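Just so it is clear, the structure is predicted and the values come from calculations on it, not from any experiment. Here is how names work: the chains are called A, B, and so on, in the same order as the sequence lines, proteins then strands, and each is numbered from 1.
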Amino acid sequence: MRMTRLVAKTQRQAPVDAEAISHRLLVRAGYIRRLSSGVYAYLPLGLRVLRKVEAIIRQEFDNAGAQEVLLPALQPVEIWEETNRSATMDDVLMRLEVRGGKFVLGPTHEEAVIAAVSPDLASYRDLPATVYQIQTKFRDEARPRFGLLRTREFVMADAYSFDESKEAMRESYRNIFDAYCRIFDRIGVEYYPVEADSGSIGGDVNHEFMVPAAIGEDHFASCSNCGYRANIEAAVRSSNFSGGGQGEVGRSYEVETGQAKSIDEVVDLLKSKGIEVRASETIKTMALKSKDSKLTLALVPGDRVLKVPHGYAPLSGEEFAQYPFLTLGSIGPISMGDRGVRVIADNSIVSNLGYVVGGNAEGIHILDAVLGRDFSVDDFDNLVVVTQGDSCPRCEAPMDLRRSVEAGHTFQLGLTYPQKIRSARFSGEDGSETMYFMGCYGIGVSRFPAVVAEVSNDDAGLIWPISIAPFAVHLVAINFSGNEEVKAAAEQIYGELSKLGIEVILDDRDVGAGVKLKDADLMGMPIHVVVGPKTIANGLIEIKLRSAGSSRSVPLNLAIDSISETVVELIGNSALSA
RNA sequence: CGGGGAGUGGCGCAGCGGCAGCGCACCUGGUUUGGGACCAGGGGGUCGGGGGUUCAAAUCCCCCCUCCCCGACCA
């Protein structure tokens with residue numbers, strides 16, 4: 001490709017609304033252009049990156065035995081009503097009402113894939129089967145942001161496995177999981193599969209593929225000692241608590257806490273009364289409702305954030321008002337059992353410590369409340385959001401919290417969808433109608449260019465790994481139009497590299513050397529070859545790695561060999577880092 | 001959905017009642033060519049939309065739309 005023909009222009013300034021580094025660089029370097037909030041056009045450079053990512057995914061899925069299909073983005077709303085996701089995913093569904101009926105633009109394809117392939121999976125003889133597609137998805141995101149990282153229209157590669165049994169499903173899951181690892185390895189980005197929460201898609205075992213990045217909206221807990229890794233929403237800490245061991249705790253007593261409602265306010269107020277209490281010695285009591293709408297109180301140490309357990313949800317304002325004995329700011333566990341209210345507590349709440357708890361009366365808190373003596377708990381669990389330094393649940397070592405971007409997610413769905421969809425059945429060996437076990441797997445294709453750009457750049461611009469770079473070689477010809485020697489050498493290198501199948505972009509523009517060098521840095525091809533009047537007079541050209549910055553001079557007659565070797569080396573390195 | 005902010009050429013911005021401007025980008029000619037050059041000339045705008053006030057509105061008032069940030073939400 002010649003830059004005089006390339007549909008792209010670099011920009012000195014990024015749009016003011018571009019916040020993420022990847023967003024700024026991809027726009028400035030001419031890879032993408034925003035058409036609307038969360039809606040982007042891929043320009044030639046951007047599409048080349050996207051296509052490379054797709055190619056890697058296709059190869060690895062094909063090698064794993066998955067078969068490519070293409071499901072419709074436009075889906076009849078009826079299939080969404082059958083699983084009730086028309087309601088449960090209402091907030092992200094893009095709906096469409098046209099002459100032909102009511103449709104949604106698919107945010108994901110579980111219903112559609114079942115409708116599409118079920119007839120072909122009619123017998124146990126047809127199983128196992130895994131299909132995948134690379135499709136545009138639509139989600140009415142509450143807040144699109146960070147360029148390509150969170151958009152309303154995006155490309156995803158989603159796979160679906162169908163198996164006879166749970167055991168077989170686990171095998172299929174492992175198979176795709178391994179393919180995911182190879183995909184991430186080949187793209188060449190640091191990643192961690194972490195245990196995750198399954199969210200509204202349902203199902204049992206699942207993993208998120210996290211790429212550490214400062215811009216990430218997710219966090220995962222990571223134990224460097226034993227390798228335990230889990231999304232912040234799923235992570236737990238060790239339940240091994242020795243307790244405070246305060247020894248004798250006196251009788252519990254009431255204290256007037258006036259307007260103090262939050263834990264911090266209560267601690268401050270007590271301090272002003274001469275009572276020194278740490279937030280960790282208070283108990284935060286949160287009102288939840290269970291799946292069957294029963295009131296449940298959850299107790300966590302005052303300095304911790306409640307992780308709402310599965311099957312529970314916070315009370316709405318109206319629901320809260322239905323229980324007159326709940327006084328906002330002073331809720332506590334004492335005598336809740338007598339009211340028939342279920343109480344659950346974090347494992348770290350122990351019986352040999354006097355706690356500060358809400359007094360269940362306006363402006364009242366109880367001090368020295370002791371578990372087992374002053375209040376009881378029906379059940380213990382891990383109920384707090386893990387923070388930096390918490391002990392690993394497996395080996396007790398302190399865990400790190402890492403900010404990251406979710407680039408993939410794999411699920412063992414099991415029977416979640418077949419239970420809701422009549423056609424999701426096959427004839428078993430004994431002839432009986434049986435539901436198949438499903439797995440589903442999503443990988444953010446259009447997120448990759450952004451994620452890689454996010455973690456691989458410097459002040460001058462993008463730095464692509466050769467695996468997904470639009471071009472392997474950026475051929476910078478200084479004074480191309482004014483120096484015959486430069487022009488001839490550049491054309492020769494360009495022609496020979498092209499013949500060898502090495503993707504090269506030639507800067508044949510009639511602009512200053514500075515502009516060309518700056519643009520080359522900004523655009524981020526892994527190998528830069530500079531042909532300039534100074535060096536070509538001595539029969540030399542320069543080769544430099546974008547990632548390293550340093551360059552070496554090579555005689556023109558050895559240029560092609562040297563460049564080819566460098567390409568091979570880079571490809572080898574990216575395979576090695578696997 | 002709540003709070004805050006912004007809409008003027010492709011991008012970045014100024015102008016804030018009286019001729020719609022600047023830098024980058026773009027076009028023509030010339031000089032340049034190793035780290036975002038220079039000279040001369042040129043093209044491009046329903047000033048987000050609608051309504052109002054005024055002799056006169058990008059500028060003041062009202063309504064709407066869009067976008068951004070923080071939060072809520074996020075297979």
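A:His23 meets the side chain to side chain donor-acceptor pair (under 3.5 Å) test with A:Tyr40; sequence neighbours excluded. Under the side chain to side chain contact (heavy atoms under 4.5 Å, CB included) criterion, A:Ile215 pairs with A:Ala20, A:Phe146, A:Leu149, A:Ala213, A:Val405, A:Glu454, sequence neighbours left out.
Distance A:His219 NE2 to B:C74 P: 16 Å, rounded to the nearest Å. As rounded to whole Å, 14 Å separates atom P of B:C67 from atom CD of A:Glu141. Rounded to whole Å, atom P of B:C74 lies 8 Å from atom CD of A:Glu233. Nucleotide B:C69 holds its C1' atom 16 Å from the CZ atom of A:Arg150, rounded to whole Å. Distance, A:Asp507 CG to B:G36 P: 15 Å, rounded to whole Å. Taking atom NZ on A:Lys518 and atom C1' on B:A25, their separation rounds to 18 Å, with Å as the unit. At whole-Å resolution of the value, CE in A:Met3 and P in B:A25 are 14 Å apart. Distance CG (A:Asn538) to C1' (B:G34): 14 Å, rounded to an integer number of Å.
Taking atom P in both B:C39 and B:A25, the straight-line distance is 13 Å, to the nearest Å. Between the P atoms of B:A20 and B:G9, the separation comes to 16 Å (whole Å). B:G52 sits 31 Å from B:G44 when the P atoms are compared, rounded to a whole Å. Annotation: B:C24 and B:A56 have their C1' atoms spaced 34 Å apart (nearest Å). To the nearest whole angstrom, the two C1' atoms, one in B:C67 and one in B:U8, are 15 Å apart. Comparing the same atom, C1', in B:A6 and in B:C13 gives a spacing of 13 Å after rounding to whole Å. A gap of 31 Å separates the C1' atoms of B:G51 and B:G10, to the nearest Å. Atom P of B:C16 sits at a distance of 16 Å from the matching atom of B:G48, rounded to the whole Å.
Among the nucleotides B:G36, B:G34, B:C68, the one closest to the side chain of A:Arg12 is B:G36. Of the candidate nucleotides B:G35, B:G71, B:G34, B:G71 has the atom nearest to the side chain of A:Arg143. Side-chain atoms of A:Glu19 lie closest to B:C69 of the nucleotides B:C69, B:G35, B:C67. Across B:C24, B:G35, B:C68, the shortest atom-to-atom separation from the side chain of A:Asp521 is found for B:G35. Among the nucleotides B:A25, B:C68, B:G34, the one closest to any side-chain atom of A:Arg34 is B:C68.
Judged by distance alone, with hydrogens and angles left aside, A:Arg28 brings a side-chain donor or acceptor within reach of the base of B:G36, the pair sitting under 3.5 Å.
Each of A:Glu110, A:Arg85, A:Glu111 was compared with A:Tyr417 under the side-chain hydrogen bond (donor to acceptor under 3.5 Å, both in side chains) criterion, and only A:Arg85 meets it.
Residue order along RNA chain B, read from the 5' end via each residue's closest nucleotide, puts A:Leu517 first among A:Leu517 and A:Pro107. Nearest-nucleotide mapping onto RNA chain B: of A:Arg145 and A:Asp519, the residue sitting toward the 5' end is A:Asp519.
Taking the ring centre of A:Phe471 as origin, the terminal cationic atom of A:Arg48 falls inside the region bounded by 6.0 Å and 45° from the ring axis.
Nucleic acid contact for A:Lys487: none, since no nucleic acid atom lies under 4.0 Å from a heavy atom of the residue. When heavy atoms are screened at a 4.0 angstrom cut-off, A:Asn483 is found touching no nucleic acid atom at all. Residue contacts shown for A:Val530 include a base, since a base heavy atom lies under 4.0 Å away. A:Glu208 comes within contact range of no nucleotide atom at all, as no heavy-atom separation falls under 4.0 Å. Nucleic acid contact for A:Arg509: none, since no nucleic acid atom lies under 4.0 Å from a heavy atom of the residue.
Using cut-offs of 30° and 60° on the angle between ring planes, the pair A:Phe162 and A:Tyr436 is perpendicular. The aromatic rings of A:Phe177 and A:Phe209 sit tilted relative to each other, their planes meeting at an angle between 30° and 60°. Below 30°, between 30° and 60°, or above 60°: for A:Tyr31 and A:Trp464 the angle between ring planes is between 30° and 60°, a tilted geometry.
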Q: Give the B/S/- string for nucleotides 26-33 of chain B, one per nucleotide from 5' to 3', where a protein heavy atom under 4.0 Å of the base yields B, of only the sugar-phosphate yields S, and otherwise -.
A: S-----BB
Q) What does nucleotides 38-50 of chain B look like as a protein-contact string, B for base, S for sugar-phosphate only, - for none, at under 4.0 angstrom between heavy atoms? A) -------------
Q.
What does the B/S/- profile of nucleotides 4-14 of chain B look like, 5' to 3', with a 4.0 Å heavy-atom cutoff to protein?
A. -------SSS-
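Salt bridge absent: A:Arg5 and A:Asp508 never bring a charged side-chain N and a carboxylate O closer than 4.0 Å. A salt bridge between A:Arg145 and A:Glu19 is absent, with no side-chain N of the basic residue lying under 4.0 Å from a carboxylate O of the acidic one. A salt bridge does not link A:Arg229 with A:Glu208: every distance from a Lys NZ or Arg NE/NH1/NH2 to an Asp or Glu carboxylate oxygen is 4.0 Å or more.
A distance-only check finds a donor-acceptor pair linking the side chain of A:Lys516 to the backbone of A:Arg509 [under 3.5 Å]. A donor-acceptor distance shorter than 3.5 angstrom exists from the side chain of A:Gln135 to the backbone of A:Leu71, with no hydrogens or angles considered. Looking at A:Tyr441, its side chain never comes within 3.5 Å of a backbone N or O of A:Ser161 through a donor-acceptor pair. A distance-only check finds no donor-acceptor pair linking the side chain of A:Arg546 to the backbone of A:Met525 [under 3.5 Å]. A distance-only check finds a donor-acceptor pair linking the side chain of A:Arg28 to the backbone of A:Arg12 [under 3.5 Å]. Looking at A:Asp458, its side chain does come within 3.5 Å of a backbone N or O of A:Gly461 through a donor-acceptor pair.
The side chain of A:Thr10 places no N or O atom within less than 4.0 Å of a non-bridging phosphate oxygen (OP1 or OP2) of B:G36. Under 4.0 angstrom from either OP1 or OP2 of B:C67 there lies at least one side-chain N or O belonging to A:Ser36.
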Q.
Using salt bridge (Lys or Arg N to Asp or Glu O under 4.0 Å), reason through A:Glu81 and A:Lys102 one step at a time and then give a plain yes or no.
A. CA-CA 11 Å; A:Glu81 282 163 355; A:Lys102 293 184 180 175; over 6 Å; no
Q | Base-pairing string, 5' to 3', of RNA chain B - Watson-Crick or wobble, under 3.5 Å, | interstrand | A | ((((((((.[[[[.)..(..]]]].((((((.....)))))).....[[[[[..)....]]]]])))))))....
